[in-house]
Protein chains: 2
Amino acid sequence: MNSKKNISELLLKNGIRPSVQRIAVLSYLHSHYTHPTVDVIYSDLSPEMPTLSRTTIYNTLKLFSESGIVKCITIDEHHQHFDGNINPHAHFICHNCGTIEDIFYDSTEKFNFPQNPNLHIERSEIFYYGLCKKCYNI
Amino acid sequence: MNSKKNISELLLKNGIRPSVQRIAVLSYLHSHYTHPTVDVIYSDLSPEMPTLSRTTIYNTLKLFSESGIVKCITIDEHHQHFDGNINPHAHFICHNCGTIEDIFYDSTEKFNFPQNPNLHIERSEIFYYGLCKKCYNI
DNA sequence: CTTTGTGCAAATTCTTTGCACCAAA
DNA sequence: TTTGGTGCAAAGAATTTGCACAAAG
């Protein structure tokens, strides 16, 4: 289980002081693999924490993504989405309903392109676009 | 060669009226495979066309990407980049100098993921991040 | 003459910054 | 008591919108 205690320990292990706000944000991401934006996180958490500010969420997510415990994914130009799942995976985006689905695949991909030698590739970001099951069947 | 005349005909073929501004923007993208932003295009074109406005470039690129003759790529949350090359290819982004390089690969990729059935994938967007040759050798 | 395109200025929206207050070590 | 965290209000920056004028068919 991802108890507050476990989250707290995870933060400490990454050199981050576990404040109430930070625990709340990371717990949220670990229980909502929906790739939320700052605003979604804010809207969902603020009823329970009325003094929470967007600034804190921005600060927190910046800190988290710098230490690698969450991933920031840029899908469209207007919003950053955050992902508490840091295993390598691709994302599927439904262009009708906007849902973002995780796609796990044999990560035997090789970062080697004969036509582009001498690139030092460190990571990849793969997006698939189309219609999800639900939207396709409408 | 991509003369103004050819550009003009390409636009007509796609049901777009070839105005001076539209021809200029598409010519620019066809001769600069550098994935420019609106602002870069604006800065480069405005000396020759002092009355050109950013709004027109936004309008034009929106029109172009809707009809598929250019591609809009969202790499970071702050800028949209535009690509006059509409052949399928991936992009490499150097996190030091920001250069965007095209990567052509055997496009035998299959849009089929056993763990995610019933997705109707139409296109993909693949980004690789790392250091380019120049920045790696510094 | 009617429709479409252009471009200025203002508005919008997501994100960042400055700064004062608060909390923890 | 010193360092780090929070959160408000204001600033910033990319993009969009409203609207009037210009151009094209």
Side-chain angles (χ1 to χ4, degrees), chain A residues 4 7-9 11-12 14-28 35-67 69-82 98 100, chain B residues 4 7-9 11-12 14-28 35-67 69-82 98 100:
Chain A
K4 302 280 177 200
I7 296 282
S8 180
E9 279 163 12
L11 287 172
L12 281 168
N14 284 274
I16 296 170
R17 285 205 205 157
S19 72
V20 174
Q21 291 85 343
R22 289 171 179 174
I23 292 171
V25 171
L26 191 54
S27 295
Y28 184 88
H35 316 83
T37 60
V38 165
D39 220 61
V40 169
I41 300 171
Y42 176 77
S43 304
D44 285 1
L45 293 183
S46 61
E48 294 293 306
M49 310 176 67
T51 68
L52 182 67
S53 86
R54 258 172 267 258
T55 305
T56 298
I57 299 177
Y58 277 108
N59 289 339
T60 300
L61 290 171
K62 193 178 177 209
L63 187 68
F64 286 178
S65 57
E66 280 167 2
S67 63
I69 60 176
V70 312
K71 272 188 45 174
C72 171
I73 59 182
T74 301
I75 291 165
D76 63 85
E77 67 275 17
H78 296 305
H79 309 85
Q80 295 178 252
H81 297 258
F82 292 87
I100 303 166
Chain B
K4 302 280 177 201
I7 296 283
S8 180
E9 279 163 12
L11 288 172
L12 281 169
N14 284 275
I16 295 170
R17 283 203 205 160
S19 73
V20 174
Q21 290 86 344
R22 290 171 179 174
I23 292 172
V25 170
L26 191 53
S27 296
Y28 184 89
H35 316 84
T37 59
V38 165
D39 221 61
V40 168
I41 300 171
Y42 176 77
S43 303
D44 286 0
L45 293 183
S46 62
E48 294 292 305
M49 309 177 67
T51 68
L52 182 67
S53 86
R54 256 172 269 258
T55 305
T56 297
I57 298 177
Y58 278 108
N59 289 340
T60 299
L61 290 170
K62 192 178 179 212
L63 188 67
F64 286 179
S65 57
E66 279 166 1
S67 62
I69 60 175
V70 312
K71 272 188 45 174
C72 171
I73 60 182
T74 302
I75 290 166
D76 63 83
E77 67 275 18
H78 295 306
H79 309 85
Q80 296 178 251
H81 297 259
F82 292 87
I100 303 166

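In what follows, every heavy atom counts, from backbone to side chain, and hydrogens, waters and symmetry copies are set aside. Lettering follows sequence order; numbering is per chain, from 1.
With distances taken from any side-chain atom of A:Thr55 to the nucleotides C:dC14, C:dT6, C:dT17, the minimum falls on C:dT17. Here the side chain of A:Gln21 is nearest to one of D:dG7, C:dG7, D:dT16, namely D:dG7. Checked against D:dT15, D:dT6, C:dG7, the side chain of A:Arg22 finds its nearest nucleotide in D:dT6.
One atom, CG of B:Leu61, and another, P of C:dG5, lie 15 Å apart when rounded to the nearest Å. When rounded to the nearest whole Å, the span between NE2 of B:His81 and C1' of D:dA14 equals 12 Å. Rounded to an integer number of Å, the gap from A:Ile41 CD1 to C:dC14 C1' is 14 Å. As a whole-Å value, the separation of A:Tyr42 OH from C:dT16 P is 17 Å. The interatomic distance linking A:Ile57 (CD1) with D:dC8 (P) rounds to 11 Å, in whole Å. Atom pair A:Leu52:CG and D:dG5:P shows a separation of 16 Å (rounding to whole Å applied). Counting to the nearest Å, the P atom of C:dC22 and the CZ atom of A:Arg17 are 18 Å from each other. One atom, CG of A:Leu45, and another, P of D:dT6, lie 13 Å apart when rounded to the nearest Å.
Distances shorter than 4.0 Å separate none of the side-chain N or O atoms of B:Ser19 from OP1 or OP2 on C:dG5. Look at A:Thr56 and you'll find a side-chain N or O under 4.0 angstrom from OP1 or OP2 of D:dG7. OP1 and OP2 of D:dT16 both lie 4.0 Å or more from every side-chain N or O belonging to B:Tyr58. Taking side-chain N and O atoms only, B:His78 has no distance below 4.0 Å to OP1 or OP2 of D:dA13. In this model, the phosphate group of C:dT15 is approached by a side-chain N or O of A:Gln80 to a distance below 4.0 Å at OP1 or OP2.
Comparing A:Thr37 and B:Thr60, the nucleotide of DNA chain C nearest to each residue sits closer to the 5' end for B:Thr60. When each of B:Val20 and B:Asp39 is assigned the nucleotide of DNA chain D with its nearest heavy atom, B:Asp39 is the one assigned upstream, toward the 5' end.
Nearest approach of A:Arg22 to A:Arg17, heavy atoms of both residues: NH1-O, 3.0 Å. Taking every heavy atom of both residues into account, B:Arg54 and B:Tyr42 meet most closely at NH2-CE2, 3.3 Å. Minimum interatomic distance between B:Ser8 and B:Ile23 (heavy atoms only, all atoms of both residues): CB-CD1, 4.1 Å. Scanning all heavy atoms of the two residues, the minimum distance from A:Ser67 to A:Ile16 falls at OG-CD1, 3.4 Å.
The only option from A:Val25, A:Ile41, A:Thr60, A:Leu45 that meets the side chain to side chain contact (heavy atoms under 4.5 Å, CB included) definition with A:Leu52 turns out to be A:Leu45.
Backbone-only contact: B:Thr51 has heavy atoms under 4.0 Å from sugar-phosphate atoms and none from a base. Residue A:Arg54 is classed as having no contact, given no heavy-atom separation below 4.0 Å to the nucleic acid.
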